[in-house]
Amino acid sequence: MVGLKPSDVPPTMAVKFLGAGTAACFADLLTFPLDTAKVRLQIQGENQAAQTARLVQYRGVLGTILTMVRTEGPCSPYNGLVAGLQRQMSFASIRIGLYDSVKQVYTPKGADNSSLTTRILAGCTTGAMAVTCAQPTDVVKVRFQASIHLGPSGSDRKYNGTMDAYRTIAREEGVRGLWKDNFPCHFVSAFGAGFCATVVASPVDVVKTRYMNSPPGQYLSPLDCMIKMVAQEGPTAFYKGFTPSFLRLGSWNVVMFVTYEQLKRALMKVQMLRESPF
């Protein structure tokens with residue numbers, strides 16, 4: 001390994017795992033307000049938010065963020081950030097960090113390159129593993145982002161903190177409440193990018209947000225949520241929050257993968273220095 005540049009040395013699974021999670025957290029820190037704006041726009045018009053709709057109306061990405069800052073304080077666009085970072089450390093670490101290792105498992109012995117089928121299998125496997133592990137953090141993140149607090153006289157805070165949210169949801173809705181079904185959203189989103197991914201994933205993402213944020217009994221299933229949404233608000237409801245979703249997806253991927261590559265190189269350099277006898 002002496003004389004090799006960090007970029008010439010294949011990164012270890014630990015380096016990829018840690019690097020992917022850290023890079024995803026960094027990307028989340030920069031784009032989280034866009035994600036919160038997306039959630040607020042997606043739930044706007046829903047029956048359960050009717051009482052707050054009279055007080056707060058969101059229009060556009062910048063308008064939503066500015067309205068939140070004005071009515072709820074400057075930190076409001078970062079509601080749920082802790083759960084968001086927990087989600088990235090679990091979701092991105094598994095989905096991206098373990099991808100190459102899982103791909104090797106599916107690659108036939110003696111094969112020089114992985115086939116398209118092998119890559120799809122690896123992507124589906126790591127995606128399913130990531131969703132399973134990160135699902136509770138996503139539910140809590142959405143609950144915090146959707147919660148509107150208009151000062152001391154506004155809505156009561158249902159959760160005192162992130163850990164309290166996990167306990168409260170599990171106690172009131174059962175452990176299954178932390179695993180409300182959103183696999184289709186992540187599955188579709190994982191295999192798309194940019195504008196096309198947003199067009200395809202937006203309807204499922206809106207249903208996911210509303211279903212995750214709903215109290216027990218409001219919707220019988222994600223399909224029931226979708227049917228009620230169309231009946232009450234029309235098909236355009238599927239694309240609420242489209243602009244912030246698109247902006248966040250593009251910027252998140254750019255920041256995440258650029259940071260991921262640099263972190264891999266830095267971590268491999270540290271590892272090489274530790275293993276070097278000089």
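Everything numeric in this text was worked out from a predicted model, so none of it was measured.
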Before giving the answer on side chain to side chain donor-acceptor pair (under 3.5 Å), spell out for Q86 and Y166 the whole-Å C-alpha distance, their side-chain angles and the decisive distance to 0.1 Å. CA-CA 12 Å; Q86 291 172 347; Y166 289 119; 2.6 Å; yes
Under the side-chain contact (heavy atoms from CB on, under 4.5 Å) criterion, do K16 and L98 qualify, and how do the steps go? CA-CA 7 Å; K16 288 185 285 188; L98 296 184; over 6 Å; no
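- The structure places CD of Q104 at 7.0 Å from CG of D100, a figure rounded to the nearest 0.5 Å.
- In this structure the side chain of F238 never reaches within 4.5 angstrom of the side chain of V204, judged on heavy atoms.
- Looking at heavy atoms from C-beta onward, D224 lies out of side-chain contact with Y211 at the 4.5 angstrom threshold.
- For the residue pair S147 / Y159, no side-chain donor-acceptor distance below 3.5 Å is found, with atom types taken as modelled.
- When all heavy atoms of A237 and V206 are compared, the pair lying nearest together is O-CG1, 3.6 Å.
- K240 places a side-chain heavy atom less than 4.5 Å from the side chain of R210.
- Side-chain contact between R40 and N79: present, with at least one pair of heavy atoms (C-beta onward) separated by less than 4.5 Å.
- At a threshold of 4.5 Å between non-hydrogen side-chain atoms, the residues L18 and S93 do not count as touching.
- L29 forms part of a hydrophobic cluster together with F32, Y78, L81, L85, judged by ILVMFWY side-chain heavy-atom separations under 4.5 Å.
- With rounding to the nearest 0.5 angstrom, the CG atom of D138 is 9.0 Å from the CD atom of Q88.
- Between R87 and D28, no side-chain nitrogen of the basic residue sits less than 4.0 Å from a carboxylate oxygen of the acidic one, so the salt-bridge criterion is not met.
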Any chance you could lay out the side-chain contact (heavy atoms from CB on, under 4.5 Å) test for T107 and K103, step after step, and finish with the verdict? CA-CA 6 Å; T107 303; K103 185 174 66 175; 4.2 Å; yes
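- Under the side chain to side chain donor-acceptor pair (under 3.5 Å) criterion, S76 pairs with no residue, sequence neighbours left out.
- Side-chain contact between E172 and P216 is absent, with no heavy atoms from C-beta onward closer than 4.5 Å.
- Scanning all heavy atoms of the two residues, the minimum distance from I65 to P77 falls at CG2-CG, 4.1 Å.
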Would Q145 and D35 satisfy side-chain contact (heavy atoms from CB on, under 4.5 Å), going step by step from the backbone distance to the final call? CA-CA 8 Å; Q145 289 176 315; D35 191 42; 3.1 Å; yes
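- Grouping Ile, Leu, Val, Met, Phe, Trp and Tyr residues whose side-chain heavy atoms lie under 4.5 Å apart, directly or via other members, places L66 in a hydrophobic cluster with L62.
- Residue V142 comes nearest to T209 through the heavy atom pair CG1-O, 3.7 Å, listed as atom of the first residue, atom of the second, then distance.
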Please evaluate residues F144 and T36 with respect to the criterion side-chain contact (heavy atoms from CB on, under 4.5 Å), reporting the C-alpha separation (whole Å), side-chain torsions for both, the decisive distance (0.1 Å), and the verdict. CA-CA 9 Å; F144 273 103; T36 304; over 6 Å; no
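- Note that CG of N160 is 7.5 Å distant from OG1 of T168, once rounded to the nearest 0.5 Å.
- With T22 contributing its side chain and G19 its backbone, the two residues share no donor-acceptor pair below 3.5 Å.
- Side chains of Y219 and M226 form no contact here, defined as non-hydrogen atoms less than 4.5 Å apart.
- Atom-to-atom distance recorded for N213:CG and K208:NZ is 11.0 Å, nearest 0.5 angstrom.
- Shown here for A24 and A92, the closest heavy-atom pair between the two residues is CB-CB, 3.4 Å.
- Taking both residues in full, the closest heavy atoms of V207 and P222 are given as CG1-O, 3.5 Å, listed atom of the first, atom of the second, then distance.
- Applying the side chain to side chain donor-acceptor pair (under 3.5 Å) rule to T162 yields no partners; only residues at least two apart in sequence or on another chain are considered.
- For the pair R95 and F91, the cation-pi criterion (under 6.0 Å, within 45° of the ring axis) is not fulfilled.
- In the hydrophobic clustering of ILVMFWY residues, with side-chain heavy atoms under 4.5 Å counting as a link, M163 and V82 come out apart.
- The side-chain heavy atoms of I94 and F17, taken from C-beta on, include a pair separated by under 4.5 Å.
- Rounded to the nearest 0.5 Å, atoms CE (M68) and SG (C75) are 10.5 Å apart.
- Under the 4.5 angstrom side-chain criterion for Ile, Leu, Val, Met, Phe, Trp and Tyr, L220 has no cluster partners at all.
- For V61 against A37, the heavy-atom pair with the smallest separation is O-CB, 4.4 Å.
- Rounding to the nearest 0.5 Å gives a distance of 7.5 Å between CD of Q44 and CZ of R59.
- Checked against side chain to side chain contact (heavy atoms under 4.5 Å, CB included), F26 has the following partners two or more places apart in sequence or in another chain: L30, V255, T259.
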